[in-house]
Amino acid sequence: MTQTTDKELASVYNARETEKEIYKFWEDNNCFKADSSSEKEPYSIVIPPPNVTGVLHMGHALDGTLQDILIRYNRMLNKEVLWMPGCDHAGIATQNVIEKNLAKEGLSRFDLGRDKFIEKTWEWANDHKNRILEQFKLLGASFDLSRKRFTLDKGCSDAVKKVFVDLYNKGLIYRGSYIVNWCPRCQSAISDIETNYEEQEGHLWEISYALKDTMGAIVIATTRPETMFGDVAIAVNPSDYKYKDLIGTSCVMPLTGRVIPIIADEYVDKSFGTGALKITPAHDPNDFEVGLRHNLPQIKVIDEKGNMMSNEFVPPQLQGLTREEAREKTVKMLEENQVLVRVTKHKHNVGTCQRCSTTIEPLLSRQWFVKMKPLAEPAIEAVKSGKIKFIPQRWEKNYLMWMENIRDWCISRQLWWGHQIPAYYHNETGEMVVALENPDPKNYTQDKDVLDTWFSSGLWSFETMGWPDTNCADYKKFYPTNTLVTGFDIIFFWVARMITMGLEFTKKPPFSTVFIHGLIRDEHGQKMSKSKGNTIDPVDLIEKYGCDALRFTLTYLCTYGGQDIKISDEKFEFGRNFSNKIWNASRYVLMNITKSQKELELDFDNLTIADKWILNELNETIKGVNENLESYRIGEVAGQLYDFFRSKYCDWYVELSKIEKNEAVLVYVLAQFLKLLHPIMPHITEAVWQKMPQIKESKAILKANYPKYLPELKFEEDSKKMETVFETIKALRNARAEFNIPLGSKIDIVLDKNEDLYSQIIPYLNRLAKVGAVKFEKDCNIPKSAYCNVLDTKITIPLEDLIDLKQEIARQNKKAEKLITELKSVEGRLNNDKFTSSAPEDVVQKTKERKDELTKEIALIKETIKKLS
RNA sequence: GGGCGUUUAGCUCAGUUGGUAGAGCGCCUCCCUUACAAGGAGGAUGUCGGGAGUUCGAGCCUCUCAACGCCCACCA
């Protein structure tokens with residue numbers, strides 16, 4: 001092997017060095033800039049904005065790669081493309097990071113105060129905000145950074161305010177006291193979808209409440225005894241005969257002696273527990289509903305920190321305890337008072353905070369909500385009518401089910417990092433004004449709460465395009481966008497909200513296709529997470545294998561069904577090896593070009609069958625790749641290109657070119673292949689492209705035209721002939737291997753027919769199967785020979801002493817057996833009248849042809865065996 | 001409780017309207033043939049989760065059972 005210091009000729013591809021150079025070339029030439037004044041057809045994608053303080057993870061790598069593939073493909077279709085980049089302020093997530101840092105210094109956000117805290121968070125965000133988009137560059141992302149946005153920038157903030165005020169004025173945003181999911185650690189309300197449920201092993205406590213007016217008691221069952229101090233009633237099912245006489249009477253609560261009514265409500269399940277249910281409207285969502293129906297008071301006994309409150313309802317010895325402590329103590333007290341009837345183990349689901357896993361406290365709280373039903377209707381219609389379609393389609397069902405059962409969205413958060421709610425209260429009268437600006441900063445104070453992060457990301461598709469200025473160039477050119485690419489995990493959080501908000505405020509679906517891909521998992525199928533320590537850093541992979549290798553491997557693993565993708569570090573060797581193969585094959589081609597640019601034009605009058613074959617294969621690949629890109633079968637595209645390049649171009653055409661070459665075809669096919677592959681492996685294709693001498697339509701491959709199927713490149717007949725040649729070479733190689741004939745010694749062959757074809761390709765046989773003399777003879781009869789048949793051509797390989805006749809007979813028998821099995825099945829079908837009458841004509845025809853082939857081949861083999869015996 | 005997904009070679013997974021199973025990695029044999037050993041040539045390996053059905057024909061369609069996984073709902 002020759003080593004050279006010249007990196008242009010290095011036999012091992014240096015991915016990182018090339019990638020850095022190429023990306024810089026694109027940036028220096030402003031290649032990613034979108035022109036809103038262009039006449040070209042637009043194509044746009046908005047990035048799912050990553051967390052401003054985040055780092056690139058494998059999910060981004062996949063999501064970003066797929067977006068970049070679509071962007072680059074459409075750019076090569078000569079469209080005006082815009083990939084809009086940006087970041088999300090990620091309210092709770094970011095605030096948690098800052099609070100954690102403060103905690104290291106023993107401080108809480110309250111020690112700093114709101115202004116100082118926000119200032120600190122901005123500092124952090126500004127320090128980190130370029131990091132993740134810089135990392136996206138390592139992925140080869142061809143987004144337009146000149147348009148970079150941030151959900152807390154002026155434009156987005158203005159859009160958020162306008163949307164809030166408009167929705168409020170339309171009556172679609174309201175404020176009220178309801179049960180919400182409260183996270184005592186975040187000290188904030190969170191929405192239903194930010195609440196996860198996990199099954200926990202708990203207890204069911206049965207507690208006896210004495211009847212007030214008569215002897216006896218009613219026993220209720222609860223999983224949360226500490227909430228009993230907030231009880232306002234006992235409810236039973238109206239049809240429950242056990243309790244029929246008690247409805248309308250009262251009972252006396254243990255421990256506090258407070259008197260509460262016994263009521264009847266359909267909600268109560270007769271068969272669960274004791275059939276009697278304590279009603280605690282301030283701490284349970286279902287009890288809250290029951291309470292409203294019966295006009296019951298709401299008594300809060302647990303505060304926002306999750307501690308027992310200090311009020312007249314909570315016994316003094318429990319006041320100030322945590323929920324957990326209070327539960328233990330309450331049970332003890334109940335036991336001491338002999339009102340604890342029974343304790344059983346009970347599995348139940350407990351709500352936890354998506355961000356910090358703290359157990360949720362359902363809490364009565366005054367919050368802002370979006371009335372979702374009216375907004376959901378057009379969003380449902382848009383998907384049902386096909387104006388927006390999901391790929392894979394099965395997600396539509398998921399989306400529709402959620403939308404059709406939508407509940408109001410709690411949008412206020414008791415955080416500091418985010419869009420402060422544009423509601424202002426008069427300092428004295430408390431009068432509320434919802435407006436874009438504070439009507440009178442002296443006398444009005446703004447609502448302390450901020451909005452759910454997803455409120456602003458829900459506007460992302462149009463707020464980034466200049467909305468509410470619907471006359472601005474970007475909005476007019478690039479909105480609505482075309483494709484949204486994301487994982488299924490944020491369909492409800494983000495996709496659904498963008499569709500509702502987009503339709504409400506722009507009257508247009510914000511995108512026409514939602515392309516959903518799977519999640520990246522570790523090699524055992526586990527979700528990757530820092531806490532599990534099973535993450536793989538895409539930046540490391542890029543350093544180790546190259547960005548193109550990462551992109552190609554991920555793309556290759558993408559299935560149309562959007563299955564999750566299991567990865568391990570070593571899997572990326574696949575992409576790296578392919579990069580190296582491309583590099584070396586290109587190197588070979590470049591080293592072998594002797595002709596001038598003019599002479600490298602395709603000359604259709606001067607093509608060998610090998611040339612026609614590879615052009616035909618290329619053309620078929622072009623067809624498949626275009627179809628698959630249009631239908632989002634991206635993994636299939638990678639597969640087809642891999643197969644074409646390795647198994648067709650390198651294994652055969654390049655090898656054949658060492659015997660007899662058509663430089664024009666060699667270069668043409670490589671150039672077309674590079675263009676086809678460019679969206680997936682942008683750097684290496686650009687690097688090779690720029691070294692190629694042939695006449696090019698574009699200096700940068702990124703702006704070249706994507707190859708289209710060309711009827712003039714269809715050479716069906718000659719391709720078939722060439723396939724026969726390959727079969728022959730394989731058969732000869734196989735025979736050589738079986739008889740261990742060293743490469744040094746050539747084999748002579750005798751063919752019994754098809755002189756026309758084979759005499760053309762004698763040099764191929766010489767070189768690729770190490771064949772010596774080639775003779776044509778009808779009835780060749782050399783006893784000590786090996787045989788192979790290609791279609792109906794019989795090839796005799798005289799081997800003299802090299803051959804073990806028994807071995808050759810066995811070899812032939814084995815071949816015959818296989819064919820006979822197939823022949824039997826084929827004949828079975830053809831002898832079946834039902835098959836011949838009901839199967840499609842072409843299938844029957846093909847089966848007949850196959851039968852003839854098999855019959856001929858088997859006859860030849862039998863004849864061979866006879867001769868050998 | 002409702003919905004969805006998965007089960008195919010030793011491993012990881014493809015398999016687009018039903019026509020008789022493929023890739024990568026791994027394994028065995030041979031080869032440093034001047035593009036590439038991150039390579040090349042040849043080879044072995046699967047009653048396509050079980051069962052039933054529809055069909056001339058099922059990995060693919062229908063039903064059923066099983067295992068694993070996910071989402072939604074939230075029964076105290």
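Within every chain, numbering begins at 1; the chains are lettered A, B, ... in the order of the sequence lines, protein sequences first and strands thereafter.
Applying the Watson-Crick and G-U wobble criteria (two distances, each under 3.5 Å), rU45(B) pairs with nothing in any strand. In this structure, rG39(B) and rC31(B) make a Watson-Crick or G-U wobble pair, each of the two defining distances being under 3.5 angstrom. Across all strands shown, rU62(B) forms a Watson-Crick or G-U wobble pair, both distances under 3.5 Å, with rA52(B). Across all strands shown, rG1(B) forms a Watson-Crick or G-U wobble pair with rC72(B), both key distances being under 3.5 Å.
One can find a donor-acceptor pair under 3.5 Å joining the base of rC74(B) and the side-chain atoms of N349(A). Between the side chain of R733(A) and the base of rA41(B) there is no donor-acceptor pair of N/O atoms closer than 3.5 Å. Between the side chain of E655(A) and the base of rA35(B), at least one donor-acceptor pair of N or O atoms lies under 3.5 Å.
Here rG40(B) is the nucleotide among rA35(B), rG19(B), rG40(B) with the atom lying nearest to any side-chain atom of R646(A). In the set rC36(B), rA76(B), rC56(B), rA76(B) carries the atom at the smallest distance from any side-chain atom of Y267(A). Listed nucleotides rG5(B), rG19(B), rA35(B) differ in distance to R829(A); the shortest reach to its side chain belongs to rG19(B). The nucleotide whose nearest atom lies closest to any side-chain atom of Y560(A) is, among rU12(B), rG15(B), rA35(B), rG15(B). Of all nucleotides listed (rU16(B), rG19(B), rG3(B)), rG19(B) comes nearest to the side chain of P840(A). Distances were taken from every side-chain heavy atom of N577(A) (C-beta onward) to each of rA38(B), rA76(B), rC56(B); the shortest belongs to rA38(B). Listed candidates were rA76(B), rA38(B), rG40(B). Nearest to the side chain of T222(A) is rA76(B). Counting only heavy atoms from C-beta on, V654(A) has its side chain closest to rA35(B) among rC56(B), rA35(B), rA38(B). In the set rC4(B), rA35(B), rA73(B), the nucleotide with an atom closest to the side chain of K397(A) is rC4(B). For D269(A), the side-chain atoms get nearest to rA76(B) when compared with the rest of rA35(B), rA76(B), rC13(B).
Within the nucleic acid shown, Y556(A) comes within 4.0 Å of sugar-phosphate atoms alone, with no base atom in reach, counting heavy atoms only. When heavy atoms are screened at a 4.0 angstrom cut-off, S838(A) is found touching base atoms of the nucleic acid. Looking at heavy-atom distances under 4.0 Å, N832(A) makes contact with sugar-phosphate atoms alone, never a base. K571(A) comes within 4.0 angstrom of sugar-phosphate atoms only, judged by non-hydrogen atoms across all strands, and of no base. Using a 4.0 Å heavy-atom criterion, one finds that R736(A) contacts no nucleic acid atom at all.
Judged by a 6.0 Å distance limit and a 45° cone about the ring axis, K581(A) is not positioned over the six-membered ring of Y649(A).
Close to rC13(B), at under 4.0 Å from its OP1 or OP2, lies a side-chain N or O of K566(A). Within the structure, a side-chain polar atom (N or O) of H346(A) is placed less than 4.0 Å from OP1 or OP2 of rA76(B). Considering only side-chain N and O atoms, N628(A) lies nowhere under 4.0 angstrom from the phosphate OP1 or OP2 of rU16(B). Between K730(A) and the phosphate of rG42(B), there is no side-chain N or O to OP1/OP2 separation shorter than 4.0 Å. Close to rC13(B), at under 4.0 Å from its OP1 or OP2, lies no side-chain N or O of Q563(A). For the OP1/OP2 pair of rA35(B) and a distance below 4.0 Å, the side-chain nitrogens and oxygens of K658(A) include at least one atom meeting the criterion.
In the model, Y588(A) has a side-chain atom that pairs as donor or acceptor with a side-chain atom of S657(A) under 3.5 Å.
The separation of rU45(B) from rU29(B), taken at their C1' atoms, amounts to 16 Å, rounded to a whole angstrom. Nucleotides rU64(B) and rG3(B) are separated by 12 Å at their P atoms, to the nearest Å.
Rounded to whole angstrom, the span from the CD atom of E636(A) across to the C1' atom of rG22(B) amounts to 11 Å. The distance between atom CD of Q640(A) and atom C1' of rA23(B), rounded to the nearest whole Å, is 13 Å. Note: CZ (F488(A)) to P (rG3(B)) measures 19 Å, nearest angstrom. To the nearest angstrom, C1' of rA73(B) lies 9 Å from CZ of R407(A). Put simply, CZ on R394(A) is 13 Å from P on rC71(B), counting in whole angstrom units.
Put simply, NZ on K846(A) and CD on E853(A) are 12.0 Å apart, with the number rounded to the nearest 0.5 Å. Atom NZ of K544(A) sits about 12.5 Å away from atom CG of L550(A), to the nearest 0.5 Å.
Salt bridge status for R767(A) with E660(A): absent, with no side-chain N to carboxylate O gap under 4.0 Å.
Exactly one residue among F515(A), W395(A), Y399(A) makes a ring-ring contact (aromatic ring centres under 6.0 Å, His included) with F390(A). That residue is Y399(A). Just one of R323(A), K278(A), R327(A) meets the side-chain hydrogen bond (donor to acceptor under 3.5 Å, both in side chains) condition when paired with T227(A); it is K278(A).
Ring orientation note: the planes of H346(A) and F272(A) are nearly perpendicular, at an angle over 60° on the 30°/60° scale.
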